[in-house]
Structure formats: structure tokens, C-alpha cells
Amino acid sequence: IYGLKSDKYFVWGELSKLQYLNHGFSDKKIIITGSTAHDAVFQQANSSQIQNDYILLGTNSPVGLFADEISTSIRQEYEDSIKTICREVIKSNKKLIVKLHPAIDQMDLTSIIHEVDPSIPIFRRGELTKLMVNCELYVNVGISTSILDALITNKPVIYVETRRHDLGKFDVSDYVLNTNTENFGD
């Protein structure tokens, strides 16, 4: 939805600007601001007190955006993927911290994760940036803007794909290792 009566339009970048231009908006009314939501990430990324002492697992569970996501088998696959990742990280003798996606429609994976190891710290609320800045590696299950946060903080990222949908261009292969659960431990 575009406000036709606005004096100015603030957009994240060139792609957003192009979208407005393609809808007939004047170039003079479009101002590229960047993502103000990520300003804090950039600020903390330059902190001198970075610890890099754990692997951070971010989750983005199937929520029914696609019809197949509401099936029991898809949800079971997702839970099994989370368990596999937790086991592999533990096998590597690395500390694991889990950050659940904060959206209300996301699965609460606490009991699933604690089946593997009840001592794994799990956060649903709170600022992702503080956890991100101090991790040595970020693993994300499902597509999320948290991958952008990890890239901003110069963290290596493993994106674990648990289901495939055509979501348009999502190619960050120069920056992110894209894998599936079967290959995660390799």
C-alpha cells in the first residue's frame, strides 16, 4: 500500500526506491534512509567488548504461511531438525544458546530443545543484537532478517533450510553457508 498523498517516501535502499519508481512515484520524493531498525546492530557491531564464546541458534518455525506448513509431518521434521542441530553443536563441545523467534505465532521449542540438553539457555524475548554480537557463529533455521543482523556484525552464518518455497531472490551464497539438516554435522 502506497500513500499517494505523502510529501516524501523513506525507503531502505535502491531496490525499495526502484519499486516506488515502478509505481509512478517521483524520484524527487523518495529518500533512501537505510533500515533504522538496524542502526543499533551497526553500533553494537563495533563494540570492543565482543566475546565470541558460543554458537547462537535462531529459529523461525513453520507458521502456516503456506498450506503444507500446517501438516503434522512438516512440524515434526522441523522439531527433528532443531534436535539434530542441538546435538551436533553439543558434539562439537561448543556452548549453544537458542533465540526463539519472538512472534506470537512461532512454536515454543523449549521442551524440544531441553529433551536434548536441559542446560541449553533459551530466549524468546529480549534483544537479538546483544546475543548476536557475542556469538562466534550464527545458525538460523528458516528465512529471517536475523541473517542480516549476523552479516552486519560480521558473524559467519549457516542457514539451515528445512522447507523450500519460492520466495523470490534469496541469494546470499557469497556470505552465508546454505545447508540442510542432513548435512549440518559435516
Report the C-alpha distance between Met132 and Ile152 in whole Å, list the side-chain angles of each, state the deciding distance to 0.1 Å, and finish with yes or no for side-chain contact (heavy atoms from CB on, under 4.5 Å). CA-CA 10 Å; Met132 184 76 68; Ile152 291 169; over 6 Å; no

Check against side-chain contact (heavy atoms from CB on, under 4.5 Å), Leu100 and Leu109: CA-CA 8 Å; Leu100 302 175; Leu109 300 165; 3.9 Å; yes

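Considering only heavy atoms from C-beta on, Val98 comes within 4.5 Å of Thr59 through its side chain. Annotation: side chain of Ile85 is in contact with side chain of Val160 (closest heavy-atom distance under 4.5 Å). By the 4.5 Å heavy-atom criterion applied to side chains, Leu96 and Tyr54 are not counted as neighbours. In this structure, the side chains of Cys86 and Ile120 come closer than 4.5 Å at one or more pairs of heavy atoms. Counting heavy atoms from C-beta on, the side chains of Val116 and Ile82 never come closer than 4.5 Å.
In summary, the side chains of Asn140 and Tyr138 do present a donor paired with an acceptor at a separation below 3.5 Å, with no hydrogens or angles considered.
Legend: residues meeting side-chain contact (heavy atoms from CB on, under 4.5 Å) with Ile31, ordered by chain and number and at least two apart, are Lys8, Phe10, Thr33. By the side-chain contact (heavy atoms from CB on, under 4.5 Å) test, Lys28 pairs with Ser26, sequence neighbours left out. Not counting sequence neighbours, the partners of Phe123 by the side-chain contact (heavy atoms from CB on, under 4.5 Å) test are Ile97, Lys99, Pro121, Leu131. Annotation: side-chain hydrogen bond (donor to acceptor under 3.5 Å, both in side chains) contacts of Lys94 (sequence neighbours excluded): Glu136. A search for side-chain contact (heavy atoms from CB on, under 4.5 Å) contacts involving Leu21 returns Lys17, Asp27, Ile30, not counting sequence neighbours.
Between Thr153 atom OG1 and Asp149 atom CG the span is 7.0 Å, to the nearest 0.5 Å. One distance of note links CZ of Arg87 with OG of Ser92; it measures 14.5 Å at 0.5 Å rounding. Note that the CG atom of Asn60 and the NE2 atom of His101 stand 4.5 Å from one another [nearest 0.5 Å].
The aromatic rings of Tyr9 and Tyr20 sit tilted relative to each other, their planes meeting at an angle between 30° and 60°.
Sorted by first and then second residue, the salt bridge (Lys or Arg N to Asp or Glu O under 4.0 Å) pairs with a member in residues 106-126 read Lys83-Glu115; sequence neighbours excluded.
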